[in-house]
Amino acid sequence: MKKILLLSDTHSYIDDDILKYVKQANEVWHAGDIGDLSVTDSIKKIKPLRAVFGNIDDNKARVEFPEHNRFMCEDVDVLITHIGGYPGKYNVRIRDIIYEKPPKLFICGHSHILKVMPDKKLNLLHMNPGAVGKHGFQQVRTMLRFTIDGKKIENLEVIEFKK
């Protein structure tokens with residue numbers, strides 16, 4: 001079983017409150033718009049990190065992290081990208097990849113809107129953790145944590161912070 005902390009849209013912001021949750025996870029996944037790489041460096045000092053670059057990220061982030069990150073976690077096929085859309089409205093950048101070989105778990109960021117929903121047509125779970133950084137229109141900063149145990153995605157929790 002793996003405890004996952006999922007965050008996105010940090011926009012160069014990280015603090016001790018976020019890092020407290022990093023310490024409780026087995027792995028941290030970042031769905032892009034990292035901003036300053038000191039954010040991901042801080043996370044990597046504590047726990048393993050999987051990340052993708054976002055539209056605001058510079059060339060340093062684009063060299064260190066891919067646009068799309070597909071991997072297995074336990075027995076779950078995971079696909080992370082920054083601009084991905086959601087079931088029924090996938091972004092053109094990722095649509096063919098999703099339809100050709102749907103992952104079990106599809107994760108994206110970008111919208112700053114927390115959203116977890118199934119795609120019943122493709123038999124996948126979509127997650128967007130919202131934005132945990134202070135830049136943007138969101139009134140509440142959010143991230144997600146959950147467990148993956150074999151093929152099961154369980155114990156989903158929303159973590160909220162005041163802006």
### Message
So, using side-chain contact (heavy atoms from CB on, under 4.5 Å) as the criterion, who are the partners of Asp36 when residues are at least two apart?
### Response
Ser12, Ser38
### Query
Hydrophobic clusters join Ile, Leu, Val, Met, Phe, Trp and Tyr when side-chain heavy atoms are under 4.5 Å apart, directly or via other members; which others share one with Met1?
none
### Query
Considering residues at least two apart in sequence or located in another chain, which fulfil the side-chain contact (heavy atoms from CB on, under 4.5 Å) criterion with Thr40?
Ile34, Leu37, Leu49, Phe65
When the side chains of residues 82-90 are checked against the rest of the protein, which donor-acceptor pairs come out under 3.5 Å, sequence neighbours left out?
{"unit_1": "His82", "atom_1": "ND1", "unit_2": "Ala31", "atom_2": "O", "d": "2.7"}
{"unit_1": "His82", "atom_1": "NE2", "unit_2": "Asp33", "atom_2": "OD1", "d": "3.3"}
{"unit_1": "His82", "atom_1": "NE2", "unit_2": "Asp33", "atom_2": "OD2", "d": "3.2"}
{"unit_1": "His82", "atom_1": "NE2", "unit_2": "Asn55", "atom_2": "OD1", "d": "3.0"}
{"unit_1": "His82", "atom_1": "NE2", "unit_2": "His110", "atom_2": "ND1", "d": "3.4"}
{"unit_1": "Tyr90", "atom_1": "OH", "unit_2": "Asp119", "atom_2": "OD2", "d": "2.6"}

### Task
Apply the test side-chain contact (heavy atoms from CB on, under 4.5 Å) to residues Leu105 and Trp29: give CA-CA distance (whole Å), side-chain angles for both, the deciding distance (0.1 Å), then the verdict.
CA-CA 13 Å; Leu105 178 57; Trp29 300 350; 3.9 Å; yes
### Message
Could you tell me if the side chain of His68 sits less than 4.5 Å from the side chain of Ile94, heavy atoms only?
### Response
yes
### Query
Donor-acceptor pair, Asp57 side chain versus Gly35 backbone, under 3.5 Å?
yes
## Note on the structure
Taken to the nearest 0.5 Å, the spacing of Gln138 CD from Phe161 CZ works out to 12.5 Å
### Query
Closest heavy-atom contact between Leu156 and Met127?
CD1-CE, 4.1 Å
### Task
Could you note down all residue pairs passing salt bridge (Lys or Arg N to Asp or Glu O under 4.0 Å) where residues 16-30 supplies at least one of them, sequence neighbours left out?
Lys2-Glu27, Glu27-Arg50
### Query
Any chain of hydrophobic side-chain contacts (each under 4.5 Å) joining Ile153 to Met143?
no
### Task
Could I get the full list of side-chain contact (heavy atoms from CB on, under 4.5 Å) partners for Glu154, not counting sequence neighbours?
Thr147, Asp149, Lys152
### Euclidean distance, Phe146 CZ relative to Lys3 NZ, rounded to 0.5 Å
13.5 Å
### Task
With sequence neighbours excluded, give me every salt bridge (Lys or Arg N to Asp or Glu O under 4.0 Å) pair touching residues 94-114.
none
### Close side-chain approach of Ile159 and Thr142, heavy atoms under 4.5 Å
no
### Co-membership, hydrophobic cluster, residues Ile18 and Val158, 4.5 Å side-chain
no
### Query
Under 3.5 Å, is there a donor-acceptor pair between the side chain of Thr81 and the main chain of Glu67?
yes
### Query
Are any of the side-chain heavy atoms of Val78 and Ile107 separated by less than 4.5 Å?
yes
### Message
Going by side chain to side chain donor-acceptor pair (under 3.5 Å), name the residues that satisfy it together with Glu74, two or more places apart in sequence or in a different chain.
### Response
none
### Query
Can you list the other members of the hydrophobic cluster that holds Phe137, where links are side-chain heavy atoms under 4.5 angstrom apart?
Ile113
### Task
Look only at the side chain of Lys47 and the backbone of Ala25, and say whether a donor-acceptor pair between them is shorter than 3.5 Å.
yes
## Note on the structure
In terms of heavy-atom contacts, Pro129 and Cys108 come closest through CD-O, 3.4 Å
#### Entry: Same apolar cluster: Leu5 and Ile14, side chain cutoff 4.5 Å
yes
#### Entry: Residue pairs, two or more places apart or on separate chains, that pass salt bridge (Lys or Arg N to Asp or Glu O under 4.0 Å) and touch residues 121-148
Asp15-Arg141, Arg145-Glu157
### Query
Has the side chain of Asn123 got a donor or acceptor atom that lies under 3.5 Å from a matching backbone atom of Lys120?
no
### Query
Sequence neighbours excluded, which residues qualify as side-chain contact (heavy atoms from CB on, under 4.5 Å) partners of His135?
His11
## Note on the structure
Using a 4.5 Å side-chain heavy-atom cut-off and chaining through intermediate ILVMFWY residues, the residues clustered with Val140 come out as none
